[in-house]
Amino acid sequence: MGIYLNPPADGFADILKDGFYVDKTGLITYTNQVMGTSRKLTCFSRPRRFGKSYAAQMLVAFYSKGADSRHLFESLDVAHPSGDRCQQSLAEYEQYLNKCDVLFWDMTWFISNAEKIEDTIPNLQSRLLEELRKEFPDCIGKEKIPLPEALLSISAHTGRKFYIIIDEWDALFREAKEHTELQKAYIQLLRGLFKGGQVARFLTGAYMTGILPIKKYGTQSALTDFCEYTMLEPGPLAEYAGFTENEVKNLCDQYQMDFREARRWYDGYHFHGMEHVYSPNSVMKAMISRRFNNYWTQTETYESLMVYIDLNFDGLKDAMVDMLGGNRCRIDIGSFQNDMTSMKNKDDVFTLLVHLGYLAYDADHREVYIPNEEIRGEFIRGIRNGRREELVKAVELSDRLLEATVRMDSDTVAELISEAHMASTSPRHYNNEQALRSVVIMAYLSSVDHYMRFEELAAGRGYVDILFIPKSTSEKPALLMELKWDKSAKGAVTQIRDKDYTRFARQFGYEGDLLLVGINYSTKTGKHTCKIEGFRKTRDI
């Protein structure tokens, strides 16, 4: 049992002791299934807060010969498989549980503990070789030797093969963005470990976690033998990329939290065949604190987002505003070079933001969008403090619009919506009520600081267009909006009253003040009009 060679199960044991573990051991069933096959190399990249290190610690605890972990897994899913492969999965469970020679390291550890970042790769090889020499003194001598050659020599002498687990494999590309020589040296090491005809002689499998996919050079991947699963294409590992809807429902039941609020705050990531995937860190923080809030800022600052918002690529600003307003943007992910510096266009920027978790990707439609209210808040904060003047102005206009709405200043609301329309929509695209809704949602984009937004709620013979329910920390009234095209703002407010749309606020548990907002656009005059009534308790209307 060592630090890097056959480590103990301490990390995973500590995770289970917390009492908040969501069972993701089905991932082990998958890695067992591909062990020793042509698919034995797995790279599963996900954003921060999505459980990458938890998965790495779990795999270490399961496979390592230095771990005695049967008691940790005996009540978890991996020990009780179901389905057509049930018997085979059970056999693989017994075959691999604490029976593999594991090499495990966290790249951020070596970066943090290097006197100079250039020492990272030499230090990594030195530490691992030191442990290998102690365990296999007759297989490798004291001379300087590359790590892949040492593993090949050990395997040739003993017949033993290794399972390699690397956490935060891409940390060098993130921490040393401009240090291309160091990056090349690192890729060369990985090539020796995972690419070439000799690899099968000493390697039984590998699992790498990170944020970025494997680095490209030109159009070719540096490590073509890996099966890569990402936030763009998680493939068979989609249910392990985050929390599934059923898992979040179970947590909400366990902690007596409102599932609808959890969905509004943390849902939104979309994979083929799996419509709802949640950010694990935020969900768990909400359950532990018993409060829905923005927990993103506790693990990531918006400064990293600001860098990309401020880039001056064609179409970036317009697409950003559209997404803040609730729309989607079609992109081409093909040119992205899997690093944080080779940005050539807005598609590269948005692809990177998918990998960082700031955007979600719908592979079926090749579209990106802001996944939930938590992330929308991060965009607003990033824009307010950024250098893109046109985006800052859009947020400032939204702030003024919200203030005017709360003051019941109908004329100013109409003027500001017209201004937002002219800034974000070409006249030829402004041709129906849906276009009006998009402009209104965009115009109220800064409402994320105060409200949870709901759209097109079923109301018997129609739909409530937009409902803003104030957050528990806000003292602002709820806003119920009805939008009209070539009709009248007054008629919109009358419809809200006549059809008792205000009951939807009560259904969300809201009993405070409520404003009824009617907005109309006239194609004859080319003007917006607004009518606001309210400031009454919902139960009195």
Side-chain angles (χ1 to χ4, degrees), residues 47 231-232 264-271 275-277 279 294 296 300 302 304-333 336 343 345-399 401 417 420-421 423-426 429-430 434-449 451-456 466 468:
M231 295 297 282
L232 296 171
R264 179 64 55 175
W265 273 95
Y266 310 122
D267 184 21
Y269 298 93
H270 175 109
F271 303 131
E275 298 295 328
H276 302 282
V277 177
S279 169
N294 186 341
W296 193 274
E300 181 97 2
Y302 60 73
S304 60
L305 179 59
M306 286 168 54
V307 171
Y308 302 106
I309 291 175
D310 289 341
L311 291 173
N312 190 27
F313 290 124
D314 289 343
L316 180 64
K317 183 268 294 184
D318 291 338
M320 195 76 72
V321 170
D322 282 347
M323 286 191 289
L324 285 167
N327 293 324
R328 296 183 172 207
C329 176
R330 188 175 177 87
I331 68 167
D332 176 9
I333 64 174
F336 182 62
M343 302 291 110
N345 50 53
K346 73 174 178 60
D347 289 352
D348 289 346
V349 174
F350 289 157
T351 304
L352 174 60
L353 292 181
V354 172
H355 291 300
L356 295 177
Y358 286 112
L359 293 177
Y361 180 67
D362 182 344
D364 294 334
H365 299 93
R366 299 179 183 178
E367 294 173 333
V368 290
Y369 57 96
I370 297 173
N372 52 48
E373 294 301 322
E374 185 180 40
I375 306 304
R376 193 181 305 274
E378 288 302 286
F379 271 94
I380 298 299
R381 275 178 279 279
I383 287 171
R384 280 200 177 109
N385 293 276
R387 297 188 300 271
R388 294 298 297 270
E389 184 177 350
E390 64 274 37
L391 290 177
V392 174
K393 286 182 177 179
V395 174
E396 290 174 347
L397 182 150
S398 183
D399 290 339
L401 176 62
I417 289 176
H421 159 226
S424 63
T425 310
S426 66
H429 290 145
Y430 201 55
Q434 183 60 46
L436 173 60
R437 178 184 290 109
S438 296
V439 166
V440 170
I441 290 172
M442 182 279 298
Y444 281 90
L445 58 88
S446 66
S447 66
V448 69
D449 289 339
Y451 291 97
M452 303 294 287
R453 189 184 77 225
F454 303 85
E455 299 174 43
E456 295 189 316
I466 309 171
F468 291 100

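- Closest approach of Met452 to Arg264, counting heavy atoms only: CE-CG, 2.5 Å.
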Dump the intermediate steps for side chain to side chain contact (heavy atoms under 4.5 Å, CB included) on Tyr266 and Glu374, then the final yes or no. CA-CA 7 Å; Tyr266 310 122; Glu374 185 180 40; 3.4 Å; yes
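- Leu359 approaches Pro371 most closely through the heavy-atom pair CA-CD, 4.1 Å.
- Using a 4.5 Å heavy-atom cutoff, the side chains of Leu316 and Leu311 are in contact.
- The two residues Leu232 and His355 make their nearest non-hydrogen contact at CD1-NE2, 3.5 Å.
- Asp314 is not listed as a side-chain neighbour of Asn345, based on a closest heavy-atom distance of 4.5 Å or more.
- Side-chain atoms of Tyr269 come within 3.5 Å of backbone N or O of Gly357 as a donor-acceptor pair.
- For Tyr444, the ring-ring contact (aromatic ring centres under 6.0 Å, His included) partners at least two apart in sequence or on another chain are Phe468.
- Side chains of Phe379 and Met323 form no contact here, defined as non-hydrogen atoms less than 4.5 Å apart.
- Here Phe350 contributes atom CZ and Leu356 contributes atom CG; the two are 13.0 Å apart, rounded to the nearest 0.5 Å.
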Criterion side chain to side chain contact (heavy atoms under 4.5 Å, CB included) on Tyr361 and Ile333, from CA distance to verdict: CA-CA 10 Å; Tyr361 180 67; Ile333 64 174; 4.0 Å; yes
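- Residues passing the salt bridge (Lys or Arg N to Asp or Glu O under 4.0 Å) test with Asp362 are Arg328, sequence neighbours excluded.
- Going from atom CG of Asp332 over to atom OG1 of Thr351 covers 7.5 Å, rounded to the nearest 0.5 Å.
- Two residues are said to be in side-chain contact when any heavy atoms from C-beta on lie closer than 4.5 Å; Asp267 and Asn372 fail this criterion.
- Taking all atoms of both residues into account, the shortest heavy-atom contact from Ser398 to Ala443 is OG-O, 2.7 Å.
- In this structure, CG in Leu352 is found 12.5 Å from CG in Asp347, a value given to the nearest 0.5 Å.
- For Tyr369, there are no ring-ring contact (aromatic ring centres under 6.0 Å, His included) partners, not counting sequence neighbours.
- Each of Arg366, Glu367, Lys346 was scored for a side chain to side chain contact (heavy atoms under 4.5 Å, CB included) with Cys329, with one residue passing: Lys346.
- A distance-only check finds a donor-acceptor pair linking the side chain of Arg330 to the backbone of His365 [under 3.5 Å].
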